[in-house]
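Lettering follows sequence order; numbering is per chain, from 1. Reckoned from all heavy atoms, side chains included, excluding hydrogens, waters and symmetry mates.
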Protein chains: 2
Amino acid sequence: MKPKTQDQSVSYTSGSDSDSTLRYRTQHLLRTAILDGDYSAGEKLKERELCELTGASRSILREALVNLEVHGLIVRESYRGYSVAELSARKISEIFELRSLLETQAAELFTERASDLEIDALSLAMKELEQCLVDEDFNLQRMRQTKEQYYHVLFSGCRNEEIRRALGSIIDRVLYLRAKKMVEPSRRKASLDEFRKLTKALIERDQFAARAASIAHLQAAREALLMSLAEQQANTC
Amino acid sequence: MKPKTQDQSVSYTSGSDSDSTLRYRTQHLLRTAILDGDYSAGEKLKERELCELTGASRSILREALVNLEVHGLIVRESYRGYSVAELSARKISEIFELRSLLETQAAELFTERASDLEIDALSLAMKELEQCLVDEDFNLQRMRQTKEQYYHVLFSGCRNEEIRRALGSIIDRVLYLRAKKMVEPSRRKASLDEFRKLTKALIERDQFAARAASIAHLQAAREALLMSLAEQQANTC
DNA sequence: TTGACTTTTTTTGTATACAAAAAGTAAAAT
DNA sequence: ATTTTACTTTTTGTATACAAAAAAAGTCAA
């Protein structure tokens with residue numbers, strides 16, 4: 001496990017929304033740690049260590065772990081504990097199949113249902129996103145938070161808590177993937193372009209263009225991910 | 001809470017698949033209790049009672065509750081405990097919006113990807129479903145198990161664990177709704193017809209017809225649910 | 001009777017303790 | 001040297017204990 005820094009993300013997290021019980025804070029802490037790549041895929045999560053890390057007792061910790069488990073971020077094996085979920089090429093394909101379905105729909109719904117306030121918020125989130133990429137020192141954690149914020153606005157704007165929830169789990173894992181692999185600058189530039197197109201369509205409430213931009217973005221992201229995964233596996237072997 | 005009987009359903013449940021730790025069994029027990037309508041919507045779930053009911057200790061029980069919470073079957077309020085999730089008309093609409101998106105896609109994928117074995121399984125599940133409705137004494141629990149089985153086969157056949165997972169949570173809540181409201185015989189008959197059409201299309205791997213049947217079924221189900229909800233509320237007031 | 005206030009009880013939030021399974025380790029036998 | 005096996009340590013599965021918050025029940029004055 002790698003070093004850590006602070007996190008102030010507003011997180012649209014997983015499960016019962018922000019209350020400040022210890023369980024919730026613990027769960028949030030673990031989630032961000034995983035999303036920021038502090039653990040490698042497949043790494044075992046020992047309860048003892050996590051207790052020390054978070055300062056929570058085992059009862060609390062385990063409740064938090066159950067939450068992350070249902071969200072698919074970690075997996076449990078009987079009498080063998082938890083470990084960070086591994087994402088095979090197949091799993092990534094499945095995730096993208098579902099994500100495409102949902103996110104495209106979400107984009108479409110956003111153009112229909114988002115309030116003007118939310119349009120502004122999206123515009124702002126887009127500016128932040130641009131900032132992130134323009135700035136010299138590329139900060140992965142900041143990037144993650146910014147993307148999270150963007151998606152938060154997008155998903156909220158489509159006025160369907162259920163879709164938001166389902167997409168939440170999915171996006172978490174996509175963000176996790178990004179933390180681990182694919183940070184090639186070339187893709188970063190292209191990705192930004194796609195986001196620009198999508199945002200423009202969303203702001204103009206152009207349903208057709210939004211759907212198209214969403215599809216294009218998803219397809220490109222999926223290909224890039226699978227490509228870098230293949231590359232990575234080639235290097236390992 | 002009402003009396004209970006046995007349950008042997010194979011359940012494609014929620015979260016880490018069938019292992020036989022106490023936590024899993026507890027979670028399964030609670031889930032079926034809720035799905036079979038043993039608790040009324042909004043009813044408070046006192047941990048003490050549930051401990052006695054399930055025989056598990058609080059640690060285990062609470063872990064099970066966290067699972068059900070993430071699946072949206074129950075809701076938690078700080079320092080006020082859990083209660084069965086209430087499903088407003090709005091919530092039902094949201095659920096159906098997501099469900100339509102996923103289930104229609106699932107039906108389509110099934111026609112493409114299901115193995116011949118799975119086609120047979122679906123055919124069998126359909127026969128069971130017919131049996132359920134033909135038999136004199138209508139048994140709600142059996143109906144729930146049978147539907148669950150049908151959906152299990154359908155979702156498995158579309159070869160996407162992620163879609164299956166997302167649909168799982170959704171269907172659970174739909175089954176819960178059915179347990180509570182809408183059991184009008186008229187709708188039952190119509191529903192069976194819709195299932196027949198859908199099944200036929202799926203078995204024949206007719207993608208277009210499957211999608212159409214799925215859409216038709218979902219729309220009818222949604223309308224019936226909202227209708228009976230409105231009726232129910234009218235009676236209450 | 002009602003309504004504010006206090007006390008008691010219940011219920012949840014959190015921490016710790018004990019038991020059982022798995023993993024790791026070192027000595028004995030081949 | 002290698003394998004086996006007994007033993008120790010670690011880790012998870014499960015149960016219980018204590019503290020804090022909320023709900024319920026009384027109490028007393030107007």
Sequence neighbours excluded, which residues qualify as salt bridge (charged side-chain N to carboxylate O under 4.0 Å, His left out) partners of [X]?
X        : result
B/Arg90  : B/Glu94
B/Glu162 : A/Lys91, A/Arg173
A/Glu86  : none

| Looking at residues at least two apart in the chain, or sitting in another chain, which of them share a side chain to side chain donor-acceptor pair (under 3.5 Å) with B/Arg48? |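 Side chain to side chain donor-acceptor pair (under 3.5 Å) check on B/Arg48 returns nothing, list empty.
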
| task | For each nucleotide in nucleotides 12-19 of chain D, reading 5' to 3', give B when a protein heavy atom comes within less than 4.0 Å of its base, S when such contact involves only the sugar-phosphate, and - otherwise. | result | BBBBBB--

| Taking only residues two or more places apart in sequence or in another chain, which ones pass ring-ring contact (aromatic ring centres under 6.0 Å, His included) with A/Phe96? |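 Listed in chain order: nothing, the list is empty.
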
